[in-house]
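To keep things clear, I will list the structure first and then write my remarks on it.
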Amino acid sequence: MSTIQPVRGTHDLIGEEQRRHAHVVGTAREIAGFYGFDEWSTPIFEDTRVFSRSLGDTSDVVSKEMYSFSDRDGESLTLRPEGTAAVCRALVTNALTQSLPQKVFYAGPMFRHERPQKGRYRQFHQIGAELIGAAEPLADAEAIALGHAVLKALGIADYVTLELNTLGDTQSRTAWRQALVDYFSAHKGTLSEDSLARLEKNPLRILDSKDAADRALVADAPMMAEFLTPEARAFWDELRQKLDMFGIAYTINPSIVRGLDYYNHTTFEFVTNRLGSQGTVLAGGRYDGLVKQMGGPDIPAIGWAAGVERLAMLLEDVAPAPRSVVIVPVGSPDEAAVCQILQALRAQGIRTEIGYKGSLRKRMERAGKQNASHVLFLGEEELVRGVFRVKVMESGEEREVSRDALCSEARSIFAS
RNA sequence: GCGGACGUAGCUCAGCUGGUAGAGCGCCGGUUUGUGGUACCGGUGGUCGCGGGUUCGAGCCCCGUCGUUCGCCCCA
């Protein structure tokens, strides 16, 4: 019988990989707390409309890349492809539109039916932050500062750069978009095939093209800055001031446009060159139109998300596997005494294990293999005297410790 | 969804112009149940990703398929 393989694009997190993930999520959670963000957990599947509405039904993302299925009642459900839409849904459902702003942190699995690549899986994990209900540039700066702080705490801020752009308000954006369409339409002959399609579907994305000829064209394309309304310009200026005040460095990259129409004003990406073509590590923007688009009131918001897999790959120092104190009986010590000491150590917060079988030699071998910090010998003879031998595995050094000491001050005994 | 590369033991790999699988490491056991890492001895290990085809004969050649990987598309 053949073994069953994991579903394409899914993988198991075990050992060091699990520790890397846990470290990313734990760190982000802690830093988000410093910024006053509370964690929300929303379901990993939703009514399909939560996502189709936020993304727009025409987007081929919806038809091609979502994990959608009918449940037994014929209702269309979707494994969440991202966090923002679900958070907006939860905001409305829980009537939190009445108590703004809401500062939300989330972490968990997401699902997209894509061709897997490095750091890009079908079930993957994201952390994210949403600051909902604040229209001021200070909010954008705070959200970005949080993202930066997370990367810094993970020790990867040094080789990640913040790229920043503005899409302006609706009016600015509409005018710019039209100018881009006009410009690129006049150069249809030199546009790549992909970009010709983008010209119809999403002209802004031509700015992101990797095609050499496209990039040459893009260099002379109309710039957003020329189309900013006075209000949008003021917002953009203030955002950069605030980032300066927060001490966060950035470079302006006019080609960061994000994919979807509900974005406005701020867009940003933290980018690294260490992950091949999948260089974006944490990205977000302002999405003032989204909550309304999902059937809620007109509420401004800004947020970002980051892929845990990619962050985990970038970590340089990984937490070592935890080490145990291993109890090794010698001879045939009283079993009740053995169990009692096991529990006494665990009750004091010491990671304590006991092997289940084997000769003394075998048990020592296993203790070594599992990288035990100490071995606690429970010798038949010593037990009678109320005494145990503790061996420090690294040095091999041994000493005698009384049962009373073990039961009351185990932490200091095993501190070294 | 599209294109390139790759799939031999748990891992890293070898396997000649086609003649029906090998090493190292690991794993398990042993060197008297009072001491691990070293050493020695022994053992477990593979439908060569899967299915078809060519052939007297396929790990090797051909086709398909699944998976991995690099890139494209997309990126919420």
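Atom CZ of A:Phe45 has 12 or fewer neighbouring heavy atoms from other residues, nucleotides or ligands inside a 6.0 Å radius. Other residues, nucleotides and ligands contribute more than 12 heavy atoms inside 6.0 Å of the CZ atom of A:Arg366.
Nucleic acid contact for A:Met110: none, since no nucleic acid atom lies under 4.0 Å from a heavy atom of the residue. A:Gly83 comes within 4.0 angstrom of no nucleic acid atom, judged by non-hydrogen atoms across all strands.
Contact of A:Lys210 with B:G71 (side chain to base): no donor-acceptor pair of N or O atoms is detected under 3.5 Å. One cannot find a donor-acceptor pair under 3.5 Å joining the base of B:G36 and the side-chain atoms of A:Gln370. For A:Arg120 against B:C74, a side-chain N or O and a base N or O form a donor-acceptor pair under 3.5 Å.
Separating the C1' atom of B:C27 from that of B:G10 is a span of 8 Å, rounded to the nearest Å. Atom C1' of B:C63 sits at a distance of 11 Å from the matching atom of B:U54, rounded to the whole Å.
Among the nucleotides B:C74, B:G71, B:G30, the one closest to any side-chain atom of A:Lys362 is B:G30.
Applying the 4.0 Å criterion to OP1 and OP2 of B:U33, one finds that A:Arg361 has every side-chain N and O outside that range. Residue A:Arg205 places at least one side-chain N or O closer than 4.0 Å to OP1 or OP2 of B:C75.
Protein atom CZ of A:Arg122 is 12 Å distant from nucleotide atom C1' of B:C66, rounded to whole Å.
Nucleotide B:G19 is matched to B:C56 when pairs are restricted to Watson-Crick or G-U wobble geometry with both distances under 3.5 angstrom.
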